Amino acid sequence: MSETNLSVPATLGEQARAKLGRRNIVFVGLMGAGKSAIGRMVAQHLRVPFIDTDVEIERVSRMTISELFATYGEEEFRALETRVIKRLLRGGPKVISTGGGAFINDNTRRHISRGGISLWLKADLEVLWERVNKRDHRPLLKTENPRATLAALMEKRYPIYSEADLTIESRDVRKEIIVTEVLAAIAGIEQKD
Ligand SMILES: Nc1ncnc2c1ncn2[C@@H]1O[C@H](COP(=O)(O)OP(=O)(O)O)[C@@H](O)[C@H]1O
Ligand SMILES: O=C(O)C1=C[C@@H](OP(=O)(O)O)[C@@H](O)[C@H](O)C1
Ligand SMILES: [Mg+2]
């Protein structure tokens with residue numbers, strides 16, 4: 001049995017799963033918040049399918065996110081992202097982790113609000129920067145001062161992420177702790193289908 005299963009209470013996963021019904025959980029938040037990593041773990045504990053929208057976009061386009069930005073630009077990427085997310089929201093339950101800009105797009109946000117329970121993984125700049133500066137696959141951060149770019153994105157996007165149904169503070173603690181808090185938040189939502 002993995003360490004994950006040992007430290008996150010199994011009963012919490014079951015309670016959260018029962019409350020979820022047929023609904024989707026949609027992770028939103030800035031780059032580095034942990035949407036992809038935490039979303040995958042939450043799906044395992046809920047025993048529902050997991051989809052990362054960036055992975056799905058790369059699969060259908062047969063291009064990387066960086067290649068898509070470089071070849072078609074951000075606007076085209078957003079249009080493709082909207083279409084993919086709209087399709088993924090059909091049917092549930094599942095856990096869907098979006099890319100950081102998805103919930104900021106009005107059209108995509110409307111689809112998410114209708115088709116799932118949105119969950120904002122909120123983190124401060126230090127935490128985000130520590131995580132994203134280790135890799136360079138995020139086209140929006142290929143700037144002269146990526147830390148300042150990240151700070152500017154926080155300023156612009158946080159008021160919009162705050163519209164999410166649930167918010168969990170993503171911080172410098174073990175992932176299992178964040179997963180437990182996410183499951184507890186899901187277990188606390190109103191039951192409806
Ligand atoms: N609570 C955490 N503690 C330590 N590292 C984390 C935590 N949450 C996420 N990470 C790591 O931070 C990096 C960015 O996470 P990721 O899930 O890709 O974020 P996002 O999809 O929101 O951009 C990954 O290497 C991931 O393993
Ligand atoms: O914030 C953004 O606009 C983006 C975030 C990325 O996903 P992560 O948030 O998973 O890094 C990816 O979709 C793309 O590079 C654009
Ligand atoms: Mg991601």
Side-chain angles (χ1 to χ4, degrees), residues 2-4 7-8 25-45 50-61 63-85 88 95-109 112 118-143 146-161 164 166-183 185:
S2 74
E3 197 191 348
T4 309
S7 57
V8 179
I25 291 290
V26 185
F27 279 85
V28 305
L30 212 53
M31 295 173 268
K35 304 178 296 295
S36 300
I38 302 294
R40 177 179 295 282
M41 291 169 72
V42 166
Q44 281 168 1
H45 287 281
F50 170 72
I51 298 123
D52 188 293
T53 64
D54 281 340
V55 173
E56 182 65 8
I57 289 166
E58 289 185 338
R59 192 182 68 79
V60 299
S61 66
M63 291 171 90
T64 65
I65 301 296
S66 289
E67 285 166 351
L68 282 167
F69 268 74
T71 311
Y72 300 113
E74 180 168 356
E75 206 177 322
E76 279 296 313
F77 172 78
R78 295 300 169 203
L80 175 58
E81 185 175 51
T82 304
R83 286 202 299 279
V84 166
I85 290 176
L88 292 176
V95 173
I96 300 171
S97 289
T98 62
F103 199 63
I104 305 307
N105 180 284
D106 291 340
N107 210 1
T108 309
R109 193 168 61 257
I112 293 173
S118 50
L119 190 152
W120 177 23
L121 279 185
K122 183 181 184 183
D124 66 29
L125 184 59
E126 275 318 307
V127 167
L128 295 172
W129 176 244
E130 270 308 306
R131 292 181 188 164
V132 299
N133 81 23
K134 296 195 175 88
R135 293 191 60 192
D136 71 345
H137 67 293
R138 294 180 169 97
L140 289 184
L141 296 180
K142 285 182 180 142
T143 61
R147 197 176 190 280
T149 305
L150 198 56
L153 283 171
M154 277 182 82
E155 194 77 18
K156 187 172 156 221
R157 291 178 172 183
Y158 273 28
I160 302 173
Y161 291 140
L166 303 169
T167 300
I168 296 293
E169 300 274 345
S170 176
R171 51 203 194 279
D172 196 11
V173 296
R174 289 175 58 226
K175 287 176 194 155
E176 286 75 8
I177 293 177
I178 309 295
V179 170
T180 301
E181 290 181 9
V182 168
L183 291 172

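Whatever order the structure lists ligands and atoms in, that order sets their numbers, starting from 1. All figures in this text were calculated on a predicted structure; none of them were measured in a lab.
Of the heavy atoms in R157, only side-chain atoms (C-beta onward) come closer than 4.0 Å to ligand 2. Neither the backbone nor the side chain of L121 comes within contact range of ligand 1; no heavy atom lies under 4.0 Å. Heavy atoms of V132 found under 4.0 angstrom from ligand 1: none, in either backbone or side chain. The residue R40 has no part lying near ligand 1, judged by heavy-atom distances below 4.0 Å.
In this structure, R78 is part of the shell of residues with a heavy atom less than 4.0 angstrom from ligand 2. The shortest separation from a heavy atom of R138 to ligand 1 is under 4.0 Å, placing the residue in contact.
The nearest non-hydrogen atom to atom 7 (C) of ligand 1, considering only R171, R131, R135, comes from R131.
On a distance-only criterion, E74 and ligand 2 share no N/O pair closer than 3.5 Å. Taking any N or O of M31, backbone or side chain, none lies under 3.5 Å from an N or O belonging to ligand 1.
The Mg ion (ligand 3) has S36 OG as its protein N, O or S neighbours under 2.8 Å.
Residue contact check: V173 has heavy atoms under 4.0 Å from atoms 1 (N), 2 (C), 3 (N) of ligand 1.
Using modelled atom types and a 3.5 Å distance limit, the side chains of T149 and R138 yield no donor-acceptor pair.
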